[in-house]
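What's counted below: heavy atoms across the whole structure, side chains too, no hydrogens, waters or symmetry copies. Naming convention: chains lettered A, B, ... in sequence-line order (proteins, then strands); numbering from 1 in each chain.
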Number of protein chains: 2
Amino acid sequence: MTRRTTIRVVLADDERMVRTALRAILSAEPDLEVVGEAATGAEAVSVARELRPDVVLMDVRMPEVDGIRATEQILATLAAPPRVVVVTTFENDSYVYDALRAGACGFLLKRADADALVQAVRLVARTDSLLFPSAVRALAAAHARAEPAPPAWVARLTGRESEVLRHLAAGLTNAEIARLMEVGPATVKTHVAAVLAKTGTRDRTQAVIAAYEAGFMNAR
Amino acid sequence: MTRRTTIRVVLADDERMVRTALRAILSAEPDLEVVGEAATGAEAVSVARELRPDVVLMDVRMPEVDGIRATEQILATLAAPPRVVVVTTFENDSYVYDALRAGACGFLLKRADADALVQAVRLVARTDSLLFPSAVRALAAAHARAEPAPPAWVARLTGRESEVLRHLAAGLTNAEIARLMEVGPATVKTHVAAVLAKTGTRDRTQAVIAAYEAGFMNAR
DNA sequence: ATCCGCCTCCGCCGCGCGGGGGAGGGGCCT
DNA sequence: AGGCCCCTCCCCCGCGCGGCGGAGGCGGAT
């Protein structure tokens, strides 16, 4: 209810204009104070370490160290880390998920209006409402274990072999795959043999397991 | 920047006291208007349908229809659905993930202070900042495909059959499974046949697929 | 005492599967 | 011109697998 002290904010964005704009918006609020700025990820980390802000507005795309790594380092090295809000241009940005995993507790679109920005900063500063970090991180962790780095063999599969593996993972027999792909059963056998060789498996069942473990099924 | 009109809010909570408290807090703000209340999930759906609010504060635990189903129904049946904010008591509530999957775009803890509540409602109403629904839903979807409700057949498997299925999903042959389980190959065949019957699959490969799809592999 | 579910095995049979080796054609790069 | 990769298809062979029916023991419910 009563604001005990001002919310200390650090801005991290490689574009000076963006920083200026954000500073102008936030400084207009009596309860918000922009205590520092950073133009690179590395700078953001050191600035956060020195100034101990309550909130960091972090751009994803920055030179040297990107916003994701910077977020990780800030959260890892500080005892009482600030709330990190990641700023992106597009909401379907793939960085979103990496940022979540890194521990960011919120997002802002650059096109968000000033009002929303201010409110978001206030909200994040007082935490424990609207999507808490713990929930976010649990989700991100689930997302992470769903697709780590795909094994090398995925890239080595030819077009037809990938098709065959997909059908294998659907539980089809060679004959069924042949009908679906409109080729002879012998051809399918050849492809299956190639898939087994490249995946390092000995039978179709192990190949299917490899496909699932590799997240091969999640990639559409 | 300028608020064009008031934010219309509907409260859904089975406890009258909670509704009263929320209404008191929100009504104190000139830009917020509590236009309706509901004491059950079913009521929440019909009220939302009639009043077309901007935001619905939805309790998870409610008689008849719980908050999750109510959220689903509201989002499914309305052309321009309201933003649904789910209200929980504990942040590690397992309902959180179900709510995300259902399409809720935010969370509030009941212990959140009045200020945070008001700000959260404003923020959610003007959308597109702080964790957008699309990102949340993508994450929730990832989480969902990791562990939906396990199919009925999982419970029907006997102890030995579960063991066998686990070994099948490790890519072992019947002979290997027999050695591991210290029984005869014929016994393994019997168990495999039972697994195929209960999973409704025709061969070991499909059984493994079923195991993966059912999240059978995640459960330890 | 009877039934039923679970686990343990046995045989027989057919077939899909995987291994091995070969062959021809089309596209691409050198 | 060659070489290489990919796709296509053929043969034979062995075997693991799944379907079928049957059997015995053991424990818990009724």
- Query: Would you call V121(A) and V85(A) a side-chain contact if the rule is heavy atoms closer than 4.5 Å?
  - Reply: no
- Message: Could you check whether any side-chain heavy atom of D14(A) comes within less than 4.5 Å of a side-chain heavy atom of T40(A), counting everything from C-beta outward?
- Response: no
- Message: It should be established whether T190(A) places a side-chain nitrogen or oxygen under 4.0 Å from OP1 or OP2 of nucleotide dT8(D).
- Response: no
- Query: When the C1' atoms of the five terminal pairs at each end define the local axes, what inter-axis angle does the helix from dT2(C)-dA29(D) to dC28(C)-dG3(D) show, to 10 degrees?
  - Reply: 50°
Checking the side chain of [X] only, and the main-chain atoms of [Y] only, is there a donor and an acceptor separated by less than 3.5 Å?
X: R204(B); Y: V192(B); value: no
X: Q206(B); Y: T201(B); value: no
X: R69(B); Y: A42(B); value: no

- Message: For a quick check, with a 4.0 angstrom heavy-atom cut-off, what is the B/S/- contact string for nucleotides 25-30 of chain D, read 5' to 3'?
- Response: ------
- Lys/Arg N to Asp/Glu carboxylate O, E163(A) vs R160(A), below 4.0 Å: yes
- Query: Is a salt bridge present between E43(A) and R19(A), judged by a nitrogen-to-oxygen distance below 4.0 Å?
  - Reply: no
- With sequence neighbours excluded, give me every side-chain hydrogen bond (donor to acceptor under 3.5 Å, both in side chains) pair touching residues 182-196 of chain A. none
- Message: For DNA chain C, which residues of residues 171-185 of chain B approach it to below 4.0 angstrom with any heavy atom?
- Response: V183(B), G184(B)
- Task: Heavy atoms of chain B, cut-off under 4.0 Å: which first and last nucleotide of DNA chain C, 5' to 3', fall inside that, if you could look?
- Result: dC6(C) to dC10(C)
- Item | Residue-level proximity of residues 191-202 of chain A to DNA chain D when a heavy atom falls under 4.0 Å | H191(A)
- Query: Taking atom P of dT8(D) as reference, at what distance in whole Å does atom NZ of K189(A) sit?
  - Reply: 16 Å
- Message: Under 4.0 Å, heavy atoms only, any strand: does T187(A) hit a base, just the sugar-phosphate, or nothing?
- Response: base
